Amino acid sequence: MSEAAAAELAQVNLARLKFPLDSPELKDFVNQLDPVNADADTADGFVWRLQSEGGDATDIPVFGDEWLIVNMSVWRDLESLKGFMYAGRHRQLLARRREWFERVAEAMVALWWVPAGHRPTVAEAEARLLHLRTHGPSPYAFTFRTLFPPQGARPLLGEVPEGLGCSV
């Protein structure tokens, strides 16, 4: 098995809500969650996505902040993730994101390579985001603008500072 085939691409994407999820202002966004998640589930290169019993991840806590929602998934490679992100319903939602989510100065998206079959936890994603915010892009956590190859992808767990993690 090649090194690239032994690794998959994990991504986390946080958004800070402008309104409560059950508000009229977020109705269009919430109504599109199931269809967009169904599109992801059948997209070429899709491997896994974080979800609660409700089928999405909107009720999974991240950084202990009730105004943040998390999206986390694993893909075969960068091309698969980009192919999904910039097409169809997901692209339409991206175009409207400023209606629903606050602009945030700090990094809210991180990418990293994981061994094939590994499913990252929210605590792992929080650690990757904190590392990216503190140190900038590196093989540990990077961005779409600064990519790293899948060399030596190993999950690193338990790296979230005290009080910033969650139990999921």
Side-chain angles (χ1 to χ4, degrees), residues 4 7-114 116 118-133 136-137 141-150 166 168:
E8 296 169 332
L9 184 66
Q11 73 81 30
V12 64
N13 177 356
L14 303 184
R16 180 173 296 286
L17 299 169
K18 284 186 174 182
F19 312 98
L21 273 173
D22 60 357
S23 68
E25 293 87 352
L26 286 181
K27 184 175 177 33
D28 286 350
F29 169 73
V30 171
N31 286 345
Q32 288 300 310
L33 282 174
D34 286 343
V36 169
N37 285 334
D39 291 347
D41 292 345
T42 60
D44 181 48
F46 171 81
V47 175
W48 170 87
R49 70 181 165 87
L50 177 69
Q51 58 185 308
S52 68
E53 290 179 13
D56 61 46
T58 57
D59 60 347
I60 296 176
V62 61
F63 286 123
D65 185 336
E66 64 186 35
W67 288 95
L68 287 178
I69 58 173
V70 62
N71 170 291
M72 186 166 53
S73 55
V74 175
W75 295 79
R76 177 181 62 224
D77 52 34
L78 180 65
E79 293 73 28
S80 299
L81 174 57
K82 281 186 172 181
F84 167 73
M85 284 180 57
Y86 299 118
R89 275 187 276 246
H90 190 268
R91 181 184 180 133
Q92 293 169 2
L93 287 183
L94 275 178
R96 296 183 63 193
R97 68 189 178 276
R98 297 291 174 232
E99 294 176 39
W100 306 312
F101 309 121
E102 298 286 346
R103 284 186 178 262
V104 179
E106 60 196 0
M108 298 290 270
V109 175
L111 306 170
W112 69 99
W113 295 102
V114 297
H118 176 69
R119 302 300 172 249
T121 64
V122 171
E124 183 179 345
E126 289 172 335
R128 301 289 177 154
L129 272 168
L130 289 173
H131 190 274
L132 179 62
R133 291 172 181 176
F142 50 93
T143 66
F144 285 106
R145 289 193 176 138
T146 306
L147 300 168
F148 288 85
C166 71
V168 176

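Computed over heavy atoms, backbone and side chain alike; hydrogens, waters and symmetry mates excluded. Note that the structure is predicted; figures quoted are calculated from it, not measured.
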Would you name the heavy atoms of [X] and [Y] that are closest together and state the gap between them?
| X | Y | answer |
| --- | --- | --- |
| M72 | P120 | CE-O, 3.4 Å |
| A141 | L132 | O-CD1, 3.6 Å |
| P137 | F148 | C-CE1, 3.7 Å |
| F144 | L78 | CE2-CD1, 3.7 Å |

Check this for me: does any side-chain nitrogen of one of [X] and [Y] sit under 4.0 Å from a carboxylate oxygen of the other?
| X | Y | value |
| --- | --- | --- |
| E106 | R133 | yes |
| K82 | E79 | no |
| R76 | D44 | yes |

### Query
Can you tell me if CZ on R103 sees more than 12 non-hydrogen neighbours from other groups inside 6.0 Å?
no

### Message
Quick check on R16: does its CZ atom have over 12 non-hydrogen neighbours (other residues, nucleotides or ligands) under 6.0 Å away?
### Response
yes

### Task
Check whether any side-chain N or O of K18 sits under 3.5 Å from a backbone N or O of R98 as a donor-acceptor pair, and report yes or no.
yes

#### Entry: Backbone N/O of D39 and side chain of T42: donor-acceptor pair under 3.5 Å
yes

Working to the nearest 0.5 angstrom, can you tell me the gap between [X] [atom1] and [Y] [atom2]?
| X | Y | atom1 | atom2 | answer |
| --- | --- | --- | --- | --- |
| N13 | M85 | CG | CE | 7.0 Å |
| T58 | Q51 | OG1 | CD | 11.0 Å |
| E53 | I60 | CD | CD1 | 10.0 Å |

### Message
Suppose we screen for side-chain contact (heavy atoms from CB on, under 4.5 Å). Which residues come up paired with V47, at least two apart in sequence or across chains?
### Response
E8, V74, R119

### Task
Determine whether the side chains of E124 and H118 contain a donor N or O and an acceptor N or O closer than 3.5 Å.
yes

### Query
Under 30°, 30 to 60°, or over 60°: which ring-plane class applies to W100 and F29, parallel, tilted or perpendicular?
tilted

